[in-house]
Every structure is written in C-alpha cells, then in structure tokens.
Amino acid sequence: MNYSNLTSIERNRLAKQYEPLVNKLTRQFAEHVAIGWSEIKSMAYEGLALAIEKYDDERSKMNFTQF
C-alpha cells in the first residue's frame with residue numbers, strides 16, 4: 001500500500017492508530033535527553049507524518065511499523 005495517496009481523514013486515523021508507538025518512542029527518548037515531552041512527541045509525530053508520506057510497501061522490504 002502506498003500511504004501517500006491517503007485522504008486527510010485516513011491519515012488522521014493512521015496517526016491515531018500509531019499513537020501508542022509514538023508515546024513509546026517519546027518515553028524512550030525522553031529518558032536520555034533534556035528536552036520537554038511535548039517537543040519530543042511533536043518530533044515523533046513529524047517522523048510519523050514523513051513515514052506516511054514516503055512508505056511504499058512495493059518498494060520496501062520492511063512493514064510500515066519497521067519503516
């Protein structure tokens with residue numbers, strides 16, 4: 001599936017689906033740096049948005065979560 005063709009509603013649903021992963025990564029990163037939680041979480045969501053835009057399962061050997 002190529003996620004770059006999703007509608008805004010579908011992208012928002014995908015972001016909600018992966019919110020537990022975003023929180024997990026934020027928690028892990030926050031333990032090692034002196035940056036606020038909200039800033040780290042914002043960066044995590046930015047990474048998720050980039051992954052949604054760039055992921056194409058026909059070109060990748062990884063699944064979306066691994067990507």
_From R13 atom CZ to I9 atom CD1, the distance as rounded to the nearest 0.5 Å_ =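 Separation between the atoms: 6.5 Å.
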*In Å, rounded to the nearest 0.5 Å, how long is the span from NZ of K41 to CG of L48?*
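Separation between the atoms: 11.5 Å.
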*Are there more than 12 heavy atoms of other residues, nucleotides or ligands under 6.0 Å from atom CD of E46?*
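Result for CD/E46: open.
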*State, with a plain yes or no, whether a side-chain heavy atom of L14 is found less than 4.5 Å away from one of E10.*
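Not touching, per the 4.5 Å side-chain cut-off.
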*Please answer whether the main-chain N or O of S38 pairs with a side-chain N or O of S42 as donor and acceptor at a distance below 3.5 Å.*
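Not a single qualifying donor-acceptor pair exists.
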*Which pair of heavy atoms, one from I40 and one from A30, lies closest together, and at what distance?*
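The answer is CD1-CA, 3.6 Å.
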_Please give me the minimum heavy-atom distance between N23 and W37, naming the atom from each residue._
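Shortest heavy-atom separation between N23 and W37 comes out as O-CH2, 3.9 Å.
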*Linking I/L/V/M/F/W/Y whenever their side-chain heavy atoms sit closer than 4.5 Å, directly or via other members, would L25 and Y45 fall into one cluster?*
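Same hydrophobic cluster.
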_same_hphob_cluster(L21, L6) at 4.5 Å side-chain heavy-atom cutoff_ =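 Yes, one cluster joins them.
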